[in-house]
Amino acid sequence: MTTIRVGHLYPDYLNIYADRGNIAVLAARAAWRGHRLDVVELGLGDAIVPGEHDLYYLGGGQDREQLLVAENLAGKAEALCAAVLEGGAALLAVCGGYQLLGRGYRGRHGEEMPGVGLLPLETLAGERRMIGDVLLECELEPGLRTTVAGFENHAGRTLLDPGAQPLGRVVAGFGNDGASGYEGCRLARAVGTYLHGPLLPRNPRLADWLLAQALAHRSGGEPPELEPLADALEARAYELSAGRARSRGGRF
Ligand code: GLN
């Protein structure tokens, strides 16, 4: 049994669309394989200590909540970058959390929020919110192709730097900016995405990929092959979301 140490950043501020459900999924899927998730809440007054956590999690938030944490998080940029880029910790950031991992976010009313600068991107809020189900085509590992479904609701338009690796190609939905055809961003073991829902209950392959990355950080070795699970309910949840994305995603 391995204890996977999760650092949940600002759970009191960044938690909309039941983003906490992502943690519940990671905990359950770890337990079904005989592992344990130890989730520590990292708030405004807590330091990030590289090496202390195998996986970091940042949920979504409205511009108002993002403003309350942006500067505090930017002050921890060096530690978070060291933990992920040098230390190899896994990270999942959703929507508001994803935006704050880039160089910065300019909110709906011109608020300038500093970012962590971990992901090669920046975000500007646009006039209209991009709302609806999304379907992506992703390649989690070379040759490991999968589709990912979720729900997006954001005013921010995220622009990836040239050469940045998106999480996936948009099959249906808006994605990062409604124009590029890409969604999310990946770097090392970090994944940023606009997909709520929450994301992981309907995308078990992505959940297992993250768990395997966190286990690799814990052991210092390769990501392990996780024993497959039945996932019948998960498949139904995915199908429902993917179907909605195909029929009406990406439209204002
Ligand atoms: N406030 C950000 C936006 O509207 C993120 C919203 C969210 O996390 N759903 O773009």
Side-chain angles (χ1 to χ4, degrees), residues 16-19 21-22 25-26 29 55 57-60 90-99 101-102 118-123 126 129-213 223 231 233-252:
I16 50 174
Y17 297 105
D19 281 334
N22 289 325
V25 166
L26 291 171
R29 299 186 75 81
L55 187 147
Y57 178 68
L58 283 120
L91 180 151
L92 174 65
V94 176
C95 202
Y98 166 45
Q99 294 171 338
L101 284 189
L118 172 69
L119 295 177
L121 55 89
E122 58 194 23
T123 305
R129 297 192 73 78
M130 299 192 275
I131 304 174
D133 289 270
V134 195
L135 182 62
L136 309 178
E137 232 171 44
C138 305
E139 194 166 350
L140 292 175
E141 294 291 336
L144 179 62
R145 281 178 194 277
T146 187
T147 47
V148 167
F151 184 83
E152 63 185 330
N153 181 354
H154 51 109
R157 269 73 174 157
T158 294
L159 305 170
L160 301 185
D161 289 354
Q165 191 187 357
L167 169 62
R169 194 180 67 75
V170 176
V171 178
F174 292 102
N176 277 337
D177 58 354
S180 65
Y182 292 116
E183 203 290 317
C185 186
R186 292 179 57 187
L187 185 66
R189 290 181 173 140
V191 170
T193 176
Y194 274 112
L195 271 51
H196 291 283
L199 169 71
L200 298 181
R202 59 190 75 175
N203 296 292
R205 267 176 290 192
L206 180 58
D208 282 353
W209 183 85
L210 283 163
L211 274 180
Q213 303 306 310
D231 288 338
L233 277 176
E234 289 80 352
R236 273 172 59 194
Y238 163 84
E239 281 305 336
L240 204 77
S241 183
R244 280 196 305 242
R246 283 195 200 94
S247 64
R248 52 178 203 254
R251 273 178 231 141
F252 282 115

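FYI, the numbering just counts along the sequence from 1.
- Listed for the R186 side chain is no donor-acceptor partner under 3.5 Å among the backbone atoms of Q165.
- No side-chain N or O of Q99 forms a donor-acceptor pair with one of T158 less than 3.5 Å apart.
- The shortest non-hydrogen separation linking N153 to R129 is OD1-NE, 2.8 Å.
- Distance check: L136 CG to E183 CD gives 5.0 Å after rounding to the nearest 0.5 Å.
- Just one of L211, L92, D19 meets the side chain to side chain contact (heavy atoms under 4.5 Å, CB included) condition when paired with L200; it is L92.
- A heavy-atom distance below 4.5 Å is found between the side chains of W209 and V191.
- The nearest pair of heavy atoms linking H154 to N176 is CE1-O, 4.0 Å.
- Between D133 and S241 the shortest heavy-atom distance is OD1-OG, 3.4 Å.
- At a threshold of 4.5 Å between non-hydrogen side-chain atoms, the residues L140 and T146 count as touching.
- Side-chain contact between L240 and R244 is present, with at least one heavy-atom pair separated by less than 4.5 Å.
- Remark: side-chain polar atoms of R157 are paired, donor with acceptor, to backbone N or O of A155 under 3.5 angstrom.
- In this pair, Y194 and Y98 present their aromatic rings perpendicular. The plane angle is above 60°, beyond the 30 to 60° band.
- Heavy atoms from other residues, nucleotides or ligands lying under 6.0 Å from CZ of F151 number more than 12.
- Among all heavy-atom pairs drawn from E152 and G175, the shortest one is OE1-N, 3.1 Å.
- Considering L101, L160, L187, L159 as possible partners of L121, the one that fulfils the side chain to side chain contact (heavy atoms under 4.5 Å, CB included) test is L160.
- Looking only at distances, a side-chain donor or acceptor of D177 sits under 3.5 Å from a matching main-chain atom of S180.
- Within the 3.5 Å criterion, the main-chain N or O of G197 finds a donor-acceptor partner in the side chain of R202.
- Taken to the nearest 0.5 Å, the CZ atom of R246 stands 5.5 Å off from the CG atom of L135.
- Closest of all the heavy-atom pairs between V148 and N203 is CA-OD1, 3.2 Å.
- For the pair T147 and V171, the minimum side-chain heavy-atom distance is 4.5 Å or more.
- Judged by distance alone, the side chain of R189 and the main-chain N or O of L55 form no donor-acceptor pair under 3.5 Å.
- Summarising the geometry of T123 relative to G156, their closest heavy-atom pair is CG2-CA, 3.7 Å, with the distance given to 0.1 Å.
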